[in-house]
Amino acid sequence: MPKRIVSWSVLLFSFAIISLGYKPETNQWGFGYDSQFHVPFMTSPYIVYEIFGVVAIVLSLFFIIASFRKTWRERVEEFINTKAYYPSFVIFWIVYILGYVKGISSVISISPPTWVVLLAFYYGFILFLLIPIMYFIGLSELKGKK
């Protein structure tokens with residue numbers, strides 16, 4: 001189905017634009033805990049965002065090219081849905097965790113009211129817990145089809 005592979009491509013391209021457009025204030029690794037808002041934060045060098053962005057653009061381009069031919073599209077979707085299902089989940093969850101912690105630190109840096117930080121933090125934490133639950137539900141459905 002071309003819609004699925006094109007949607008993956010658009011999602012990756014959007015991630016690449018966000019990643020390449022972000023310029024961190026400090027260009028070094030750092031982890032910490034904000035005592036005002038009581039949430040953890042993380043900083044990373046700009047090169048990390050550049051690497052993520054370039055990889056996402058290359059994959060996005062690959063998906064778009066593969067979507068034009070039915071045989072390529074079917075092979076790519078089959079590979080992702082069968083062989084790369086677990087690794088793609090692990091990569092997605094790690095990227096989510098890093099983006100989540102980095103996003104919280106970006107929100108903290110603009111000094112919003114406390115309720116804004118806590119809302120973003122707890123909503124992200126709920127998503128952090130729901131992602132593996134949805135993965136295991138999808139995995140059980142995938143095993144049921146085979």
Side-chain angles (χ1 to χ4, degrees), residues 1-112 114 116-142:
M1 167 177 245
K3 292 180 185 177
R4 179 180 294 176
I5 198 164
V6 171
S7 67
W8 289 337
S9 177
V10 170
L11 181 65
L12 282 170
F13 181 72
S14 300
F15 172 74
I17 295 300
I18 292 169
S19 182
L20 291 171
Y22 180 70
K23 300 280 187 203
E25 293 177 13
T26 59
N27 200 21
Q28 61 187 7
W29 287 102
F31 300 95
Y33 183 80
D34 186 89
S35 59
Q36 178 185 359
F37 298 109
H38 306 291
V39 295
F41 65 88
M42 180 185 87
T43 60
S44 58
Y46 179 64
I47 189 76
V48 172
Y49 296 100
E50 286 180 337
I51 291 170
F52 279 149
V54 169
V55 169
I57 284 179
V58 168
L59 285 174
S60 174
L61 182 62
F62 171 73
F63 285 158
I64 286 293
I65 292 170
S67 70
F68 285 109
R69 299 215 36 194
K70 185 177 180 181
T71 56
W72 295 355
R73 179 177 61 239
E74 289 172 353
R75 279 194 240 156
V76 169
E77 287 184 4
E78 180 185 349
F79 177 78
I80 290 174
N81 289 331
T82 57
K83 295 181 177 89
Y85 194 67
Y86 180 72
S88 64
F89 162 72
V90 171
I91 291 168
F92 172 74
W93 208 34
I94 288 171
V95 169
Y96 174 79
I97 292 168
L98 294 176
Y100 168 64
V101 173
K102 182 61 189 162
I104 292 295
S105 67
S106 297
V107 169
I108 289 173
S109 69
I110 61 170
S111 301
T114 304
V116 172
V117 175
L118 295 178
L119 177 68
F121 179 78
Y122 286 115
Y123 179 72
F125 185 72
I126 291 168
L127 288 178
F128 167 78
L129 297 175
L130 286 178
I131 289 170
I133 291 170
M134 296 307 295
Y135 168 75
F136 289 120
I137 289 171
L139 188 63
S140 66
E141 290 174 0
L142 189 64

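Positions are given from 1, in the same order as the sequence printed here. Keep in mind it's a predicted model, so treat the numbers as computed, not measured.
- With sequence neighbours left out, the side chain to side chain contact (heavy atoms under 4.5 Å, CB included) criterion links Lys83 to Phe79.
- When all heavy atoms of Ala66 and Val76 are compared, the pair lying nearest together is CB-CG2, 4.0 Å.
- Remark: Phe125 CZ to Leu118 CG distance equals 13.5 Å, nearest 0.5 Å.
- Rounding to the nearest 0.5 Å places CG of Leu127 at 15.0 Å from OH of Tyr122.
- Partners of Ser35 by side chain to side chain contact (heavy atoms under 4.5 Å, CB included), not counting sequence neighbours: none found.
- The line from CG of Leu61 to CD1 of Ile65 is 4.0 Å long, rounded to the nearest 0.5 Å.
- Scanning all heavy atoms of the two residues, the minimum distance from Gly53 to Ala16 falls at O-CB, 3.4 Å.
- Contact detail for Leu20 and Val54: the closest heavy-atom pair is CD2-N, 4.5 Å.
- Phe136 pairs by the side chain to side chain contact (heavy atoms under 4.5 Å, CB included) definition with Pro132, Leu139, not counting sequence neighbours.
- Sorted by first and then second residue, the pairs that involve residues 42-66 and meet ring pair (Phe, Tyr, Trp, His ring centres under 6.0 Å), not counting sequence neighbours, are Trp8-Phe63, Tyr22-Tyr49.
- With sequence neighbours left out, Ile126 forms a side chain to side chain contact (heavy atoms under 4.5 Å, CB included) with Leu130.
- A 6.0 Å sphere centred on OH of Tyr33 holds more than 12 heavy atoms belonging to other residues, nucleotides or ligands.
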